[in-house]
Amino acid sequence: MAPPQRCPLCRQTFFCGRGHVYSHKHQRQLKGALERLLPQVEAARRAVRAAQVERYVPEHDRCCWCPCCGCEVRKHLSHGNLTVLHGGLLEHLASPEHKKATNKFWWENKANAQMKEKFLISPQDYARFKKSMVKGLDSYEEKEDEVIKEMAAQIREVEQSRQEVVRSVLEPQAESDPEEGSSAPESWKATNGHVASSSQQVSHLALQPVAELEWMETGQQLTFIGHQDTPGIGNIHSGATPPWMIQEEEHSSGSFPIGPSYEEFLKEKEKQKLKKLPPDRVGANFDHSSNTSAGWLPSFGRVWNNGRRWQSRHQFKTEAATRSKQPRKGKS
């Protein structure tokens, strides 16, 4: 009996020796594995004469399975921000390790010898691919330069349009500035003289008594009700202390205590304790601050007596018995 062997294509162990590779199932699995790799190899062969260079994206990190070597191979060749399409697969197919593994794979699995050349890249084709890759990199740099120039031109256009808008807004103001500039010194002098005269008038009026002030009539008809100065109380115009300063002095003097007193704190603490008791309890609404005599308490039930209930019950019975005996003695 032949020793057991493991077939990686069929993923099973067989005991029929070398006869397994000629079975229909093994040939079907071999054909499916080669057909899955063949389209990717053909796309890589088309890139030998015209290499394509693109900007790197995460999708360029995809790998493909090589059944001859039994390992995963990167399809594209990436460096920095650039990616050469099918560069990784072409590099693998042109390596001597892949050629050696392909010969062994074809011999062990008895594959069609005419298809073996389709999965190999000659050194001449790989050298041609390197030359086309250099040309592709140069053309990509030229395209990038053109894109940068176009973006720069767009930025210049936007900046120029912005400057035109600002210039169109500032031109009317520049035309009106010379007219205003000629009259500016005169108006400045006039305003300064008016301010100086008004300040002199205010200082002159401040020195005069209140009774000598004259009512300045205006174009509107207004009624003068007289000055509302409170006698004995000054204001900030007469040199008195402002009210906010007085409040600070009162607070700083320490005459007003800050916060509640100790007695108020004890009262509030007692109220908090009473809130926890049931509201419908006996004596909940009783005013303890009222003046009452000792005879206001009811005499029935012995509710307020000291002691236990059975004592008050027996006491009530004895008193009731004595009360019932008293009329009988009177009748007799």
**Asked** When you check the gap from the basic side-chain N to the acidic O, do Lys135 and Asp138 get nearer than 4.0 Å?
**Response** no
**Request:** Could you check Cys63 against Lys75 for side chain to side chain contact (heavy atoms under 4.5 Å, CB included), going step by step and ending with a plain yes or no?
**Result:** CA-CA 5 Å; Cys63 299; Lys75 292 178 61 176; 5.9 Å; no
**Message:** Run the side-chain hydrogen bond (donor to acceptor under 3.5 Å, both in side chains) test against Gln12 and tell me which residues pass, sequence neighbours left out.
**Reply:** Lys25
**Item:** Heavy-atom closest pair, residues Val73 and Gly88
**Value:** CG1-O, 4.1 Å
**Asked** Taking the side chain as C-beta and beyond, is there a heavy-atom pair between Phe119 and Leu37 under 4.5 Å?
**Response** yes
**Complete:** One should read off an interatomic distance between Leu90 CG and Met133 CE, to the nearest 0.5 angstrom, of 10.0 Å
**Message:** Between Ser132 and Val48 (side chain of the first, backbone of the second, donor and acceptor by atom type, cut-off under 3.5 Å), is there such a pair?
**Reply:** yes
**Message:** Is it the case that the side chain of Thr322 and the backbone of Thr318 share a donor-acceptor pair, with hydrogens and angles ignored and the cut-off at 3.5 Å?
**Reply:** yes
**Asked** Any chain of hydrophobic side-chain contacts (each under 4.5 Å) joining Leu120 to Leu93?
**Response** no
**Asked** Any side-chain heavy atom of His26 within less than 4.5 Å of one from Cys7?
**Response** yes
**Request:** Taking all heavy atoms of Ser95 and all of His92, pick out the closest pair and write down the distance.
**Result:** OG-O, 2.6 Å
**Item:** Exercise: identify the closest heavy-atom pair between Leu30 and Ala111
**Value:** CD2-CB, 3.6 Å
**Message:** Pair Glu159, Arg162 - check salt bridge (charged side-chain N to carboxylate O under 4.0 Å, His left out), show working.
**Reply:** CA-CA 5 Å; Glu159 183 67 20; Arg162 189 183 67 83; 2.5 Å; yes
**Request:** Check whether any side-chain heavy atom of Asp145 sits under 4.5 Å from a side-chain heavy atom of Tyr140, and report yes or no.
**Result:** no
**Prompt:** Within a radius of less than 6.0 Å around CD of Gln52, do more than 12 heavy atoms belonging to other residues, nucleotides or ligands occur?
**Reply:** no
**Asked** Roughly how far, to the nearest 0.5 Å, is the SG atom of Cys68 from the NZ atom of Lys99?
**Response** 13.5 Å
**Request:** Using modelled atom types only, decide if a donor and an acceptor are shared between the side chain of Asp125 and the backbone of Ile121 within a distance under 3.5 Å.
**Result:** no
**Prompt:** Which pairs, with at least one residue in residues 44-56 and sequence neighbours excluded, count as a salt bridge (charged side-chain N to carboxylate O under 4.0 Å, His left out)?
**Reply:** Arg55-Glu144
**Request:** Could you check if a side-chain atom of Asp61 sits within less than 4.5 angstrom of a side-chain atom of Tyr56, using non-hydrogen atoms only?
**Result:** yes
**Shared hydrophobic cluster for Leu34 and Val41 (ILVMFWY, side-chain gaps under 4.5 Å)** = yes
**Item:** Side chain Trp106, main chain Asn112, donor-acceptor under 3.5 Å
**Value:** yes
**Request:** Taking the side chain as every heavy atom from C-beta outward, state whether Leu137 and Leu82 have any pair of such atoms under 4.5 Å apart.
**Result:** yes
**Prompt:** So, do Cys69 and Glu97 sit near enough that their side-chain heavy atoms are less than 4.5 Å apart?
**Reply:** no
Identify all side-chain donor-acceptor contacts of residues 266-274 below 3.5 Å with residues at least two apart in sequence or on another chain.
from: Glu268; atom 1: OE2; to: Gln272; atom 2: NE2; distance (Å): 3.1

**Asked** Leu89 and Gln40: which non-hydrogen atoms are nearest, and at how many Å?
**Response** CD2-O, 3.6 Å
**Prompt:** Out of curiosity, His86 NE2 to Glu42 CD, how far, rounded to the nearest 0.5 Å?
**Reply:** 11.5 Å
**Prompt:** Within a radius of less than 6.0 Å around CZ of Arg62, do more than 12 heavy atoms belonging to other residues, nucleotides or ligands occur?
**Reply:** no
**Asked** Just how far is it from atom OG1 of Thr102 to atom NZ of Lys118, taken to the nearest 0.5 Å?
**Response** 14.5 Å
**Asked** Got Val84 and Phe129 here, is their nearest side-chain heavy-atom distance under 4.5 Å?
**Response** yes
**Asked** How about Leu77 and His60: do any of their side-chain heavy atoms sit closer than 4.5 Å?
**Response** no
**Complete:** Interatomic distance, CG@Asn109 vs NZ@Lys104, rounded to 0.5 Å, equals 11.0 Å
**Message:** For Trp107, does the six-membered ring have the charged nitrogen or CZ of Lys110 within the cation-pi criterion, i.e. under 6.0 angstrom from the centroid and within 45° of the normal?
**Reply:** yes
**Request:** Determine whether more than 12 heavy atoms belonging to other residues, nucleotides or ligands lie under 6.0 Å from atom CZ of Arg11.
**Result:** no
**Message:** So, taking the atom named CE in Met151 and the one named CD in Glu146, what distance separates them when rounded to the nearest 0.5 Å?
**Reply:** 14.0 Å
**Asked** With a cut-off of 6.0 Å (strictly less than), are more than 12 heavy atoms of other residues, nucleotides or ligands near CD of Glu59?
**Response** no
